[in-house]
Amino acid sequence: MIQIIPAIDLIEGKCVRLTQGDYGQKTIYNENPLEVAMQFEDAGLKRLHLVDLDGAKAKKVVNWKVLERIAAKTKLHIDFGGGVQSDDDLKIVFESGAKQVTGGSIAVKQPEVFQNWLEVYGGEKIILGADAKKEKVAVSGWEEGTQIWVYDFVEEYVAKGVKFTISTDVAKDGLLQGPSFDLYKNLQDKCPDLNIIASGGISGLEDVEKLAEMNIYGVIIGKAIYENRISLADLQRFSV
């Protein structure tokens with residue numbers, strides 16, 4: 001059964017969504033992220049993808065207090081990403097209640113630090129963020145591109161102990177036009193034992209069903225929920 005992972009993206013402590021990672025194309029959906037998280041939990045969902053967009057820009061964790069509140073008031077399994085750039089950031093996030101932490105930019109720019117996290121915390125707790133723009137890795141809240149092929153990048157880290165990756169096709173994110181099925185198929189072919197979490201572009205329940213048929217481990221759903229393309233009731237049948 002595919003893992004359904006609703007997303008809350010944070011700017012200034014509010015629940016927002018961006019389009020294609022553009023901070024200039026921001027929609028505020030709720031001033032109170034805890035309220036949103038509790039709605040997810042009430043609907044029977046077990047997980048939450050919490051992204052600190054301020055942190056991604058500032059290159060340090062900013063919205064950890066929101067994480068702390070949600071972790072204290074719900075039983076959701078929270079994976080946290082955005083701005084985790086140092087050992088201190090990682091410590092803050094885990095102490096604030098995250099069960100898993102995603103490192104993307106740091107895995108590109110400071111691979112020795114990310115590798116150390118894998119060794120200290122293990123592949124069950126450290127998720128590799130592998131966001132792609134035209135199949136090349138994108139970092140720093142997608143504001144920077146690289147010339148690194150996403151498939152090679154992921155494969156190298158799987159060899160070093162990565163068990164989970166969250167991969168977003170930047171070109172698809174926030175557009176509600178369907179996810180990048182080819183990206184996930186290619187990642188599966190390259191790394192068959194990897195737990196791939198698809199993110200970006202989910203437009204309706206049929207996208208979730210197709211990813212489930214592909215045996216993708218999990219799917220992050222954001223705008224499709226907030227824009228009522230998918231109801232929380234629709235997602236309950238995937239909850240186990």
Gap between atom [atom2] of [Y] and atom [atom1] of [X] - 0.5 Å precision:
X	Y	atom1	atom2	result
W64	D89	CH2	CG	11.5 Å
H49	D9	NE2	CG	6.5 Å
E119	I126	CD	CD1	11.5 Å
S203	Q177	OG	CD	8.5 Å
L50	I78	CG	CD1	6.5 Å
K65	I92	NZ	CD1	10.5 Å

With sequence neighbours excluded, residues passing side-chain contact (heavy atoms from CB on, under 4.5 Å) with A233:
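Checked A233 against side-chain contact (heavy atoms from CB on, under 4.5 Å); matches are S231, Q236.
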Mind checking what makes side-chain contact (heavy atoms from CB on, under 4.5 Å) contact with V120, not counting sequence neighbours?
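Listed in chain order: N116.
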Using the rule given for side-chain contact (heavy atoms from CB on, under 4.5 Å), can you reason through I2 versus N215, listing the C-alpha separation, both sets of side-chain angles and the distance that settles it, and then say yes or no?
CA-CA 7 Å; I2 193 167; N215 290 318; over 6 Å; no
With under 30° as parallel and over 60° as perpendicular, where do the rings of W117 and F114 fit, or are they tilted in between?
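Tilted: the ring planes of W117 and F114 meet at 30° to 60°.
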Tell me the closest heavy-atom pair linking [X] and [Y], and the distance in Å.
X	Y	result
W149	K134	CZ3-O, 4.2 Å
P6	I225	CB-CD1, 3.9 Å
A107	L128	CB-CD1, 3.6 Å
A130	S167	O-OG, 2.7 Å
P33	L10	CG-CD2, 3.5 Å
C15	I8	SG-CG2, 4.1 Å

Just by modelled atom types, is the N63 backbone N or O under 3.5 Å from a matching donor or acceptor in the D52 side chain?
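Such a contact is found between D52 side chain and N63 backbone.
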Within the distance-only criterion (no hydrogens, no angle test), does the side chain of T165 pair as donor or acceptor with the backbone N or O of I196 below 3.5 angstrom?
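No, the answer is negative, given that no donor and acceptor are paired below the 3.5 Å cut-off.
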Residues that F40 engages under ring-ring contact (aromatic ring centres under 6.0 Å, His included), provided they are two or more places apart
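F40: no ring-ring contact (aromatic ring centres under 6.0 Å, His included) contacts found.
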Residues in ring-ring contact (aromatic ring centres under 6.0 Å, His included) contact with Y226, at least two apart in sequence or another chain:
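For Y226 the ring-ring contact (aromatic ring centres under 6.0 Å, His included) partners, ignoring immediate neighbours, are Y29.
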So do the side chains of [X] and [Y] get within less than 4.5 Å of each other, counting heavy atoms only?
X	Y	result
S96	F80	no
N30	E35	yes
F153	T146	no
V208	I4	yes

Who passes salt bridge (charged side-chain N to carboxylate O under 4.0 Å, His left out) against E209, sequence neighbours left out?
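Applying salt bridge (charged side-chain N to carboxylate O under 4.0 Å, His left out) to E209 gives R237.
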Could you see if [X] belongs to whatever hydrophobic cluster contains [Y]? Use Ile, Leu, Val, Met, Phe, Trp, Tyr and a side-chain cutoff under 4.5 Å.
X	Y	result
I11	I28	yes
V62	V101	no
M214	I230	yes
I216	V219	yes

Applying side chain to side chain donor-acceptor pair (under 3.5 Å), name anything that partners [X], two or more places apart in sequence or on another chain.
X	result
Q100	R47, H77
E31	none
S180	D169

So I106 and V84, side-chain contact (heavy atoms from CB on, under 4.5 Å) or not? Walk me through it.
CA-CA 8 Å; I106 194 158; V84 186; over 6 Å; no
Taking only Lys NZ, Arg NE, NH1 and NH2, and the carboxylate oxygens of Asp or Glu, determine whether E95 and K91 approach each other closer than 4.0 Å.
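A salt bridge is present here (some side-chain N lies under 4.0 Å from a carboxylate O).
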Can you pull the ring pair (Phe, Tyr, Trp, His ring centres under 6.0 Å) pairs that have at least one residue in residues 82-104, sequence neighbours excluded?
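Non-adjacent pairs meeting ring pair (Phe, Tyr, Trp, His ring centres under 6.0 Å): F94-Y121.
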Please, which pairs that meet salt bridge (charged side-chain N to carboxylate O under 4.0 Å, His left out) have at least one residue in residues 153-163, sequence neighbours excluded?
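Residue pairs with at least one partner in residues 153-163: E124-K163, E155-K190.
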Around atom NZ of K210, are there more than 12 heavy atoms of other residues, nucleotides or ligands at under 6.0 Å?
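No, NZ of K210 has 12 or fewer neighbouring heavy atoms, counting only those of other groups under 6.0 Å.
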Please walk me through it: do K59 and Q85 pass side-chain contact (heavy atoms from CB on, under 4.5 Å)?
CA-CA 6 Å; K59 297 180 172 57; Q85 298 282 301; 4.2 Å; yes
Test question: given the 4.5 Å side-chain rule for I, L, V, M, F, W and Y, name all other residues clustered with I127, or answer none.
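Taking Ile, Leu, Val, Met, Phe, Trp and Tyr as members, I127 shares its hydrophobic cluster with I5, F164, I166, I197, Y217, I220.
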Could you point out which residue of L187, D193, N195, L194 forms a side chain to side chain contact (heavy atoms under 4.5 Å, CB included) with C191?
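With C191 as partner, side chain to side chain contact (heavy atoms under 4.5 Å, CB included) holds for just one option, L194.
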Donor-acceptor contacts under 3.5 Å from residues 67-76 side chains, at least two apart:
unit_1	atom_1	unit_2	atom_2	d
T74	OG1	I70	O	2.8
T74	OG1	L76	N	3.3

